[in-house]
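Shown next, in structure tokens, is the structure this report addresses.
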Amino acid sequence: MRVAITRGVSPAIGSCELTYREREPVDLERARQQHREYEQCLADLGCTVVSLPAEPDLPDSVFVEDTAVVLDELALLTRPGAASRRAEIPSIATVLGPHCATVRIEAPATLDGGDVLVAGRTIYVGRSTRSNEDALNQMRDRLAPYGYSVVPVPLSGCLHLKSAVTLVADDVVLVNPAWVDAARFVGMRAIEVDPREPEAANTLRVGEVVVVAAAFGRTLERVSEAGLDVVPVDLSELAKAEGAVTCCSLVFESSQRR
Ligand code: CIR
């Protein structure tokens with residue numbers, strides 16, 4: 001079965017970490033409504049949604065993507081680059097436990113799941129302010145036995161690698177060329193975001209469907225014109241916390257039966 005782990009929006013979201021945006025008030029009720037619609041979208045796409053309760057003391061905890069990298073063979077529990085986010089890990093370790101083996105990224109390494117783009121046996125890792133060289137080395141040690149290669153990718157101007165690029169098909173990336181060099185993704189065809197929509201590269205692939213933020217209609221059209229099946233979701237409130245569509249879930253195939 002395909003599982004999507006999510007977590008409710010914290011009432012403390014207004015104190016979230018911010019890197020590139022000016023702080024704007026987040027309408028908690030609206031954020032929660034949009035998040036419920038996002039969860040519904042994942043359910044409609046065939047996911048069994050495991051929704052964790054909101055964490056009152058962890059402002060960024062709705063962004064579960066950053067806490068783990070779930071592969072077919074095992075999951076890496078991250079050590080987020082923002083110290084305020086490290087207490088998000090234990091509850092994710094607990095919920096992943098029945099689905100897969102887990103290993104930890106350990107200090108001094110820091111890694112945010114938002115920096116990790118998995119393309120077959122190649123794992124691209126953004127060299128952002130959140131993910132460091134130690135993390136790359138630990139990932140290589142833990143994942144080489146499974147045949148994965150770990151490739152660092154420079155980026156600039158955005159929070160995470162997946163702010164700048166995501167996979168919209170096995171051999172197609174959607175990319176903002178101002179933030180990352182598409183040539184890094186060898187053998188892939190690149191679709192560029194509309195330049196007026198710099199944040200549009202963050203999309204979530206669920207099976208053959210590409211979930212895209214509704215705010216980026218022009219880019220959505222480009223992806224759709226490439227023959228891909230696109231579903232829009234509105235996450236405008238969480239965008240104020242620098243969140244986007246990949247950040248709010250951990251989607252993976254589990255052999256555990258319901
Ligand atoms: C943070 O700065 O950690 C949060 N405010 C936003 C995290 C977004 N996560 C993601 O892109 N994977």
Side-chain angles (χ1 to χ4, degrees), residues 4-28 31-32 34-35 38 42 52 54-55 57-70 75-89 91-92 105 110-118 123-132 135 153 155-167 174-176 179-180 193 197-206 211-213 215-216 233 235-252:
I5 295 174
T6 61
R7 172 146 48 203
V9 182
S10 172
I13 183 90
S15 314
C16 66
E17 297 284 338
L18 286 177
T19 308
Y20 288 98
R21 285 192 172 235
E22 292 293 316
R23 197 168 293 281
E24 286 179 73
V26 176
D27 179 333
L28 181 60
R32 285 185 163 159
Q34 290 178 348
H35 187 257
Y38 172 87
L42 295 180
L52 301 176
E55 291 281 355
D57 299 325
L58 297 174
D60 281 304
S61 51
V62 65
F63 303 123
V64 290
E65 173 185 43
D66 294 316
T67 62
V69 177
V70 187
L76 292 178
L77 296 166
T78 68
R79 182 168 181 270
S84 69
R85 301 201 54 190
R86 294 187 190 143
E88 297 174 24
I89 306 300
S91 52
I92 296 294
I105 294 294
T110 61
L111 179 72
D112 280 12
D115 275 322
V116 180
L117 177 65
V118 181
I123 303 188
Y124 296 98
V125 182
R127 290 305 318 274
S128 73
T129 56
R130 299 288 178 86
S131 301
N132 65 15
V153 182
L155 58 131
S156 62
C158 60
L159 176 58
H160 287 131
L161 178 63
K162 278 185 279 187
S163 317
V165 58
T166 54
L167 213 58
L174 177 65
V175 63
N176 176 344
W179 291 346
V180 74
V193 298
E197 298 174 345
E199 294 174 6
N202 183 272
T203 66
L204 175 66
R205 196 169 168 221
V206 182
V211 181
V212 180
F216 307 127
V233 290
L235 285 175
S236 53
E237 282 306 311
L238 291 176
K240 296 176 185 171
E242 296 185 2
V245 288
T246 61
C247 323
C248 297
S249 58
L250 283 166
V251 178
F252 57 93

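Whatever order the structure lists ligands and atoms in, that order sets their numbers, starting from 1. The figures that follow rest on heavy atoms only: side chains count, while hydrogens, waters and symmetry mates do not.
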> Strictly by modelled atom types, are S61 and S10 linked by a side-chain donor-acceptor pair under 3.5 Å?
Replying inline: no

> In terms of residue, atom name and distance, what is the protein heavy atom nearest to atom 11 (O) of ligand 1?
Replying inline: C247 SG, 2.8 Å

>> Would D66 count as a contact residue for ligand 1, given that I'm defining contact as a non-hydrogen atom of the residue lying under 4.0 Å from a ligand atom?
In response: yes

>> Side chain or backbone, does R85 bring an N or O within less than 3.5 Å of an N or O on ligand 1?
In response: yes

>> Quick check for you: to the nearest 0.5 Å, what is the distance between T203 atom OG1 and F216 atom CZ?
In response: 11.5 Å

> Of E65, H160, R205, K162, which is the lone residue that meets side chain to side chain donor-acceptor pair (under 3.5 Å) with T246?
Replying inline: E65

>> Need the ligand 1 atom indices (1-based, order shown) with element for anything under 4.0 Å from a heavy-atom of E65.
In response: 10 (C), 12 (N)

>> For atom 8 (C) of ligand 1, what is the closest protein heavy atom, and at what distance to 0.1 Å?
In response: E242 O, 3.3 Å

> Starting from atom 4 (C) of ligand 1, which protein heavy atom do you reach first, and at what distance in Å?
Replying inline: D60 OD1, 3.1 Å

> Can you list the atoms of ligand 1 that are under 4.0 Å from a heavy atom of H160?
Replying inline: 9 (N), 10 (C), 11 (O), 12 (N)

> How far apart are the closest heavy atoms of V118 and L167, and which atoms are they?
Replying inline: O-CD2, 3.6 Å

> Residues in salt bridge (charged side-chain N to carboxylate O under 4.0 Å, His left out) with D112, at least two apart?
Replying inline: R130

> Which of the atoms in ligand 1, numbered in the order shown and given with their element, are less than 4.0 Å from a heavy-atom of A241?
Replying inline: 4 (C), 5 (N), 6 (C)

> Sub-3.5 Å donor-acceptor pair from the side chain of S249 to the main-chain atoms of T6, do we have one?
Replying inline: no

>> Side chain or backbone, does R130 bring an N or O within less than 3.5 Å of an N or O on ligand 1?
In response: yes

> Does an N or O anywhere in E17 fall below 3.5 Å from an N or O of ligand 1?
Replying inline: yes

